[in-house]
Number of protein chains: 2
Amino acid sequence: MRRDIFQAIADPTRRAIIALIALQAMTPNAIAENFNSTRQAVSKHLRILTECKLVKQQQQGREIYYSLQIEKMKEIDKWLEQYRKIWETRFNQLDKVLSTIKKQKK
Amino acid sequence: MRRDIFQAIADPTRRAIIALIALQAMTPNAIAENFNSTRQAVSKHLRILTECKLVKQQQQGREIYYSLQIEKMKEIDKWLEQYRKIWETRFNQLDKVLSTIKKQKK
DNA sequence: TATATTTGCAACCAGATGGTTTCACAAAAT
DNA sequence: ATTTTGTGAAACCATCTGGTTGCAAATATA
């Protein structure tokens, strides 16, 4: 069973859950109210998100509050970094070409 | 059949293919040499990557060169932006707390 | 022209995935 | 003490996924 952050964010429902709990912790029931699927389906998603450390739980009586572990999101940012370098380089090259054309016009 | 960029990068083999062709275009055969699976399996991955515009083809005789459409990667960056804002805010808040402690020490 | 190379596509298959229903259990409310 | 509420886990199911083998088409080479 693969269980990394990239597989976690592949599902649109899970991305929606992430967006929901990004700003404030929520209980499974409260989260599920925002979707058409059952609470159990949402619970399964939360399990997957918890397993890959994207989400943390906080018990409060019989309620469990789920919140986003924002630090984990940096992993995606880190992976993206190598490609950001590439597109910035390409942009600079294009910029160079454009300024050369501008100069020639003068 | 879902076919978005998040599903595309969910598979580790596809992420490896993306990394391979990020800097230079490659043929399916050349790409497949880097993996244990068959050329056809790689071909399937290339099809998925092409379908969601992450990769573009360039025919050259009977060979087809695949290269990364780096622009498409920005979509992930854009999605990440909302969370980057959050973690930067949290960092600044932490920074504030730390500087307050520093002042108190003085 | 005959053969080799490069490729995509269809058919098939085992296992993963996302959903459901059902159940068990602990905490809160009656 | 009994009922209600909030939750996770198990069993099941249809569909998706990633892999394979086999084949056909197009281009290059003999």
Side-chain angles (χ1 to χ4, degrees), chain A residues 1-21 24-69 72 76 79, chain B residues 1-21 24-69 72 76 79:
Chain A
M1 210 185 304
R2 228 188 309 135
R3 199 107 305 173
D4 60 44
I5 194 168
F6 293 103
Q7 195 250 342
I9 63 163
D11 184 81
T13 305
R14 281 197 290 269
R15 286 200 301 280
I17 292 175
I18 289 172
L20 260 180
I21 62 173
Q24 57 171 347
M26 288 173 80
T27 64
N29 266 328
I31 296 168
E33 274 171 20
N34 296 276
F35 301 97
N36 291 326
S37 54
T38 60
R39 176 191 61 77
Q40 284 88 340
V42 170
S43 201
K44 269 184 146 187
H45 284 306
L46 285 171
R47 199 160 91 97
I48 290 168
L49 291 170
T50 306
E51 274 173 13
C52 67
K53 310 276 178 65
L54 248 175
V55 148
K56 69 166 185 280
Q57 316 175 17
Q58 200 179 349
Q59 189 109 22
Q60 207 159 105
R62 72 182 158 189
E63 292 181 327
I64 300 174
Y65 284 85
Y66 284 86
S67 59
L68 185 63
Q69 289 253 244
K72 191 70 179 179
I76 304 166
W79 174 76
Chain B
M1 210 185 308
R2 230 188 309 138
R3 199 109 304 175
D4 60 45
I5 195 169
F6 293 102
Q7 194 248 342
I9 64 164
D11 184 82
T13 305
R14 280 197 289 270
R15 286 200 302 278
I17 292 175
I18 289 172
L20 260 179
I21 63 172
Q24 56 170 348
M26 287 174 78
T27 64
N29 267 329
I31 296 168
E33 275 170 20
N34 296 276
F35 301 97
N36 291 326
S37 54
T38 59
R39 176 191 62 77
Q40 284 90 337
V42 170
S43 201
K44 268 184 145 186
H45 284 306
L46 285 171
R47 200 160 89 99
I48 290 168
L49 292 170
T50 306
E51 273 173 13
C52 66
K53 310 276 179 65
L54 248 174
V55 147
K56 71 165 185 277
Q57 316 174 17
Q58 200 178 351
Q59 188 109 21
Q60 207 158 103
R62 72 181 158 189
E63 291 180 327
I64 300 174
Y65 283 86
Y66 284 86
S67 59
L68 185 64
Q69 288 253 250
K72 192 72 180 178
I76 304 166
W79 174 76

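Scope of the values below: all heavy atoms of this structure, side chains included, with no hydrogens, waters or symmetry mates. Chain A is the first sequence line, chain B the second, and so forth, proteins listed ahead of strands; every chain is numbered from 1. Quantities reported herein were computed from a predicted structural model and do not represent experimental measurements.
- Evaluation of the side chain to side chain contact (heavy atoms under 4.5 Å, CB included) rule for B:I64 yields B:Q57, B:Q59, B:Y66 as partners, not counting sequence neighbours.
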Donor-acceptor contacts under 3.5 Å from residues 40-48 of chain B side chains, at least two apart:
residue	atom	partner	partner atom	Å
B:H45	ND1	B:R14	NH1	3.0

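- OP1 or OP2 of D:dG18 has at least one side-chain nitrogen or oxygen of B:R14 nearer than 4.0 Å.
- Checked against side chain to side chain contact (heavy atoms under 4.5 Å, CB included), B:A19 has the following partners two or more places apart in sequence or in another chain: A:Y83.
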Between the protein and nucleotides 19-25 of chain C, list every N/O to N/O distance that falls short of 3.5 Å.
residue	atom	partner	partner atom	Å
C:dG19	OP2	A:H45	NE2	2.3
C:dG19	N7	A:K44	NZ	3.0
C:dG19	O6	A:K44	NZ	2.3
C:dT20	OP2	A:T38	N	2.9
C:dT20	OP2	A:T38	OG1	2.6
C:dT22	O4	A:Q40	NE2	2.7

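- An OP1 or OP2 oxygen of C:dT17 is reached within less than 4.0 angstrom by a side-chain nitrogen or oxygen of A:R3.
- Within the 4.0 angstrom heavy-atom criterion, only backbone atoms of the sugar-phosphate kind lie near A:Y66; the bases stay farther away.
- Fit an axis to the five pairs at each end of the helix from C:dT1-D:dA30 to C:dT30-D:dA1 and the two axes sit 10° apart, to the nearest 10 degrees.
- Atom CD in A:Q57 sits about 11 Å away from atom P in D:dT7, given to the nearest Å.
- Look at CD on A:E63: it is 13 Å from P on C:dA27, rounded to the nearest Å.
- Taking atom OH of A:Y65 as the reference point, atom C1' of C:dA27 lies 14 Å away to the nearest angstrom.
- D:dT17 atom P lies 12 Å from atom CD of A:Q7, rounded to whole Å.
- With sequence neighbours left out, A:K56 forms a side chain to side chain contact (heavy atoms under 4.5 Å, CB included) with A:S67, A:Q69.
- Taking 4.0 angstrom as the limit, B:N29 places a side-chain polar atom (N or O) nearer than this to OP1 or OP2 of C:dT7.
- Separating the CD atom of B:E51 from the P atom of C:dC9 is a distance of 9 Å, rounded to the nearest angstrom.
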Show me the protein contacts with nucleotides 28-30 of chain D, counting only N or O atoms at under 3.5 Å.
residue	atom	partner	partner atom	Å
D:dA28	O4'	B:R62	NH1	3.4

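- Applying the side chain to side chain contact (heavy atoms under 4.5 Å, CB included) test to A:R15 and every residue at least two apart in sequence or in another chain returns A:I9, A:P12, B:D4, B:F6, B:W79.
- Note on B:T27: a side-chain N or O is less than 4.0 Å away from OP1 or OP2 of C:dT7.
- Atom-to-atom, CD1 of B:I9 to P of D:dT17 comes out at 15 Å; the value is rounded to the nearest Å.
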